[in-house]
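Working notes, beginning with the structure itself.
Throughout, protein chains are lettered first and strands after them, A, B, ... in sequence-line order, and every chain is numbered starting at 1.
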Amino acid sequence: MILRAESINTYYGASHVLRDVSLAVDRGEVVCLLGRNGVGKTTTLRSIMGLTPPRSGRIFLMERDISGLPPHQVARSGVGYVPDDRRVFPDLTVEENLELAHRFSGRQDGAWTLGKVLDLLPALRSLSPRRGRHLSGGEQKMLSIGRALMTNPSLLLLDEPSEGLSPLVVKGLVEIIRTIREEKVTILMADQNLKFSRLVADRAYILEKGAVQHAGTLDEIYADEEIVRRYLAI
Amino acid sequence: MLEQLFYQGMIGLSLAMFLWLVAAGLTLIFGVLGVLNFAHGSLYMLGAYLSYSAVRILGLDFWVGLAVGPLLVALAGGLMERFFIRRVYHIDEAYQLLLTFAFILIFADLVKWVWGPIYQSAPVPGALGGAIPIFGRPFPVYNLFVIALGPLVGLGLWFLLEKSWWGRTIRAAAADREMAAAIGVDVPRLFTAVFMFGSWLGGVGGALGIPIRTVSPGMAEDYIIQAFAVAVIGGLGNLKGAFFGSILIGLVNAYGHVYAPVFELAFMYILMAAILLVRPQGLFGTS
């Protein structure tokens, strides 16, 4: 078990966003959080990262309690984070964005190096001297993924990876996620796109109103019309 | 006539460089932490008093005073950030204003209590004493030294922010502190360090001034107002703007002093108001 969340409750001010969310991810798995907009997928990832710490409940990373740790310590413990809105450092070049993550992770002896990340995301290679703010949306997404990999994470949190990308780029993304998985990085992602999720993930948790409503394999969920209609159809 | 114009310009430039050192720290702290530190002028004053004490009371060499005073100011800034300012980052700016304004009052009373209300000064260090003729009039060597030092500090700052990894980390955290934390940057510690560095710059400005400017409890207010005028003219949070804004204010003050002494103080505000009307984001700011 690489990640275990035990009934976490997270609030934004007075509003109760996550209600007793529990989930577990095994080493080497790709697990997806499914559900419509605003059901708590992003908040779940942010809670794990320590960006919006849960008010109650516990989070374990490789059996170590990381609940309450500040985000930089969660990152250094081996969690990489790719936010849904990309958020590359606008003032830094592509290469600086990647190098900076490598420097601060404290995990420089891992498998991911600048060369390896650029092999995985070749589009970034020619953009290397360009500043983050001058990249297209798709390029920023790739950089955001590369930046998280540069911290040599054991667990990668991917928020809405397929959102806003063209079908062709999504195809490439499927390959990228599969390659990352082959490198023994466990992935917990959030996505609304069931077809895309089915191509990369093994299991899923379905969220609605901030609570886990259903857990199962992607194939099982895909085949269950009732669940798809109730929780996923738009 | 022309000689006087140039000579006065040189005076203005040396005034500008003190202002630049103060405005640089203020700008850096605002640009990175998003906090407008109204007490920044007080840190400048503290730098002056501490270096003055090192030289005049402890009898240390001027250069030792210049090294020690600003370091102590950085320490004071670090404590201020760690225990007070850090608590108001995420709440309304009005609270930042109130808190930093409280520090102005605290520092002012502290200085009066320790050093008394009278004006102080220290001698010019031997190597930089005397004057050399410029445009037919003797110009103090020390002022020339200050004029040369200002751009060097600017260059050093540029290099630090653009070319060093510390600078890149600062720029990353300034743009997005959450994502900086998410790649492993200890943002609170980085912010304390930046606040200390900005305080140190203000302290250096104060310490450099002790041989040619008076050291008095009122200097904090004088300087913070001018430094804010500089920041507004150059564009808030913009270091290049702070540099050229300082030069503009320094020159306006120096010429105003000679050619229209009655309006000397008014010129700065007129300039500031005019720039705000034409370019509200400041000369180098982006809207």
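Heavy-atom pairs under 4.5 Å with chain B peak, among D91(A), L157(A), V74(A), V88(A), at D91(A).
For the atom pair D159(A) CG and M49(A) CE, the distance stands at 12.5 Å (nearest 0.5 Å).
Residue contact with chain B, scored on non-hydrogen atoms closer than 4.5 Å, is absent for R107(A). Proximity to chain B (any heavy atom under 4.5 Å) is shown, for E99(A), by both the backbone and the side chain.
Screening P54(A), P53(A), S67(A) for a side-chain contact (heavy atoms from CB on, under 4.5 Å) involving S47(A) leaves a single residue, P54(A).
Taking the six-membered ring where the residue is Trp, Y11(A) and H16(A) present parallel rings, their angle staying beneath 30° rather than reaching 60°.
Outside the 6.0 Å centre-distance limit, the rings of F38(B) and F103(B) are not counted as a close aromatic pair.
Remark: R181(A) does not engage E29(A) in a salt bridge, criterion side-chain N to carboxylate O under 4.0 Å.
Between the side chain of K41(A) and the backbone N or O of G35(A) there is at least one donor-acceptor pair closer than 3.5 Å.
In this structure, R133(A) fails the cation-pi test against F89(A), since its NZ or CZ atom is not both closer than 6.0 Å to the six-membered ring centre and inside 45 degrees of the ring normal.
Residues of residues 161-188 of chain B that come closer than 4.5 Å to chain A, counting heavy atoms only, are E162(B), W165(B), R168(B), T169(B), R171(B), A172(B), A175(B), D176(B), E178(B), M179(B), A180(B), A181(B), A182(B), I183(B), G184(B), V185(B), D186(B), ordered by residue number.
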